[in-house]
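All values below were derived from every heavy atom in this structure, side-chain atoms included, with hydrogens, water molecules and symmetry-related copies excluded.
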Amino acid sequence: MADRTKEQLIRRYAAGEVTWHDLREQGFDDYVQVLGALGELGLRPPVAAMTGPNVEARLRGRALIREALRGRR
């Protein structure tokens, strides 16, 4: 895959326009490649929308992490 195409795909992924599944179909073999490419461009992975059946579990997990981090200060 050409570097320009790879960069465009990674930028679209960071913006939430394409999925990890889409990236695999375009030739990315593992998520470490994606994370590396995001880092090279100074981008972050997209955050999943807080919708669907797992919202409560995600909120509990976030609360646990926040509480643990408060305890480290």
Peer 1: Does the Arg58 side chain pair with the main chain of Ala48, one donor and one acceptor, at a distance under 3.5 Å?
Peer 2: yes
Peer 1: Where is the tightest heavy-atom contact between Leu9 and Gln26, given as atom of each residue plus distance?
Peer 2: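 Taking every non-hydrogen atom into account, CD1-CB, 3.6 Å.
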Peer 1: Test side chain to side chain contact (heavy atoms under 4.5 Å, CB included) on Leu43 and Arg11 and set out the steps.
Peer 2: CA-CA 8 Å; Leu43 301 171; Arg11 288 186 183 282; 3.9 Å; yes
Peer 1: Out of curiosity, Arg60 CZ to Ile65 CD1, how far, rounded to the nearest 0.5 Å?
Peer 2: 13.0 Å
Peer 1: When rounded to the nearest 0.5 angstrom, what is the spacing between OG1 in Thr19 and CD in Glu25?
Peer 2: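 These two atoms lie 7.5 Å from each other.
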Peer 1: Take a 6.0 Å sphere around CG of Asp3 and say whether it holds more than 12 heavy atoms from other residues, nucleotides or ligands.
Peer 2: no
Peer 1: Using every non-hydrogen atom in the two residues, find where Ala14 and Pro46 come nearest and quote the distance to one decimal.
Peer 2: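 What the structure gives for the nearest pair is O-CB, 4.0 Å.
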Peer 1: Check whether any side-chain heavy atom of Phe28 sits under 4.5 Å from a side-chain heavy atom of Ile10, and report yes or no.
Peer 2: yes
Peer 1: Take Asp22 and Tyr13 through the side chain to side chain contact (heavy atoms under 4.5 Å, CB included) test and state the conclusion after the steps.
Peer 2: CA-CA 9 Å; Asp22 297 327; Tyr13 177 69; over 6 Å; no
Peer 1: Could you give the distance from CG (Asp29) to CG (Leu23), rounded to the nearest 0.5 Å?
Peer 2: 11.5 Å
Peer 1: Test your reading of the model: is there a side-chain donor-acceptor pair from Glu67 to the backbone of Leu64, 3.5 Å cut-off?
Peer 2: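 Looks like no, no N/O pair under 3.5 Å.
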Peer 1: Supply the atom-to-atom distance Glu7 CD to Glu40 CD, rounded to the nearest 0.5 angstrom.
Peer 2: 9.5 Å
